[in-house]
Engineer: 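This is the structure, below, for whatever I ask next.
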2 protein chains.
Amino acid sequence: MTDGAPVSDTRAEFIEKIGLITQAEGMPRIAGRVFGMLIFDGEAASFGDLATRLQVSRGSISSSIRLLEERGLVKRIAKPGDRQDYFQLAPNPYVSMLEGVQKRARSTRDEITHTINALPAGSDAINRLQEYANFYAKTAAAIGTVINALHTSKACDTGQAPAAPKDDDHEN
Amino acid sequence: MTDGAPVSDTRAEFIEKIGLITQAEGMPRIAGRVFGMLIFDGEAASFGDLATRLQVSRGSISSSIRLLEERGLVKRIAKPGDRQDYFQLAPNPYVSMLEGVQKRARSTRDEITHTINALPAGSDAINRLQEYANFYAKTAAAIGTVINALHTSKACDTGQAPAAPKDDDHEN
DNA sequence: CGTCCTGTTCAGTATTGACTGAACAAACTT
DNA sequence: AAGTTTGTTCAGTCAATACTGAACAGGACG
């Protein structure tokens, strides 16, 4: 705040921090650094910029970008004069993150109910498994409310009308 | 349901499935297998049983149990006649899981706000970082509501009165 | 056509971390 | 006390995977 250290230091620390967080969440560290850099800088970064400024090989940038694109966190754009690809944050990356978590939670719930259905009617394991499945169901539902909250708070800065994205809490 | 395959097969598949899920969530697979076995069987299992039935070394059981105890998922108990340690599911393991996730989300949010505070007032990165921090804050809050829901649905089968565990949505 | 320029792919390397098994310490049994 | 049983710790091994760098393919431009 009092500018004791230059902003570039703060920036570097932030990028590194996001790298570690991302690694803890099961993604490669470099993907997190890319993500952190795009958040901090805001403006689109070129493929070459990413490799140079993050000091990693072009191969690593390529695979990290692929991961981030798959998860809907980063968008690839083209610039008129330039032959390089440019990258920037996707319109609402956090929603995409949550959708991924939600999808996995639901899938886990489904696997548990699949086990339940394979058990004979009287089994006393059913109650415990039901509780376990219910936990994932409740979690997925709660994530749904956050997704909706993020949708309405950011509104539509993408130009396309989200049309009040419907509370997708089907199934309990 | 029609009992096409024996329950023991279903059990083995379930335990293995939880092992994989747990691995995907960043824990060692064996810890997940222990957790899965305790869920399915319900009754307390001895240290030796775990090693024998899961076909892993005692060292692995020891470290897996340590992890599960740290996270509040499993409780160690003693049986009068037996010198072995026994293990069973903690009273409300899913609440403990969520508390861990919530704690990490809050810690991440704090790290981001820490970065924000280190930036000069006019920086245009602040808005983006604020949004990022807000995402983690909202997530943590939503997890809080699930925790409360699980508290009230299971009520108090531990004997101790939770006394309406207060909505801990302090701070937004 | 040949030559850059740009991004992807892939084999090889390095690092991380799970798992084993043996050594160890503590507590019980005789 | 000697000998068991039980759980933890730790060095070593093994597998998974992140990362590199070189080879490659496809355009753009001369």
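Quick note: numbers below take in every heavy atom, side chains included, and nothing from hydrogens, waters or symmetry partners. Every chain is numbered from 1 and lettered A, B, ... according to where its sequence line falls, protein lines coming before strand lines.
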Engineer: What is the separation between atom CE on A:M27 and atom P on D:dC19, rounded to the nearest whole Å?
Structural biologist: 12 Å

Engineer: Counting just side-chain N and O atoms, does A:S60 come under 4.0 Å of either OP1 or OP2 of D:dC19?
Structural biologist: no

Engineer: Go through the N and O atoms of the side chain of B:R83 and the base of D:dT5, and report whether any donor-acceptor pair is under 3.5 Å.
Structural biologist: yes

Engineer: Would you indicate which nucleotide in C:dT29, D:dG7, D:dC19 comes nearest to any side-chain atom of B:Q84?
Structural biologist: D:dG7

Engineer: Just how far, in rounded Å, is C1' of D:dT20 from CD of A:Q55?
Structural biologist: 14 Å

Engineer: From D:dG7, D:dC19, C:dC19, pick the nucleotide closest to the side chain of A:R29?
Structural biologist: D:dC19

Engineer: So which one's nearest nucleotide on DNA chain C is more toward 5', A:D82 or A:G59?
Structural biologist: A:D82

Engineer: Please check if the number of heavy atoms outside A:K17 that lie under 6.0 Å from its NZ is greater than 12.
Structural biologist: yes

Engineer: Angle class for the A:F135/B:Y94 ring planes (parallel below 30°, perpendicular above 60°, tilted otherwise)?
Structural biologist: parallel

Engineer: Any salt bridge linking A:D41 with A:R11? Criterion: basic side-chain nitrogen under 4.0 Å from a carboxylate oxygen.
Structural biologist: yes

Engineer: Out of the candidates B:Q84, B:K79, B:R83, only one should pair with B:S46 under the side chain to side chain donor-acceptor pair (under 3.5 Å) rule; please name it.
Structural biologist: B:Q84

Engineer: Quick check on C:dC10: is either OP1 or OP2 less than 4.0 Å from any side-chain nitrogen or oxygen of A:R58?
Structural biologist: no

Engineer: With sugar-phosphate meaning primed atoms plus P, OP1 and OP2, does A:I61 contact a base, only sugar-phosphate, or nothing at under 4.0 Å between heavy atoms?
Structural biologist: nothing

Engineer: Does A:I65 reach a base, just sugar-phosphate, or nothing at all? Heavy atoms under 4.0 Å.
Structural biologist: nothing

Engineer: Could you check how far CZ of B:F47 sits from P of D:dT4, rounded to whole Å?
Structural biologist: 21 Å

Engineer: Do A:V7 and B:I126 sit in one hydrophobic cluster, given that two such residues count as connected whenever their side-chain heavy atoms are within less than 4.5 Å of each other, even indirectly?
Structural biologist: yes

Engineer: Measure from the side-chain heavy atoms of A:I30 and tell me the nearest of C:dG7, C:dA18, D:dC19.
Structural biologist: D:dC19

Engineer: Would you mind telling me which of D:dT6, C:dT9, D:dC19 lies closest to the side-chain atoms of A:R66?
Structural biologist: C:dT9

Engineer: Given atom CG of A:L20 and atom C1' of C:dT16, what is their separation to the nearest angstrom?
Structural biologist: 14 Å

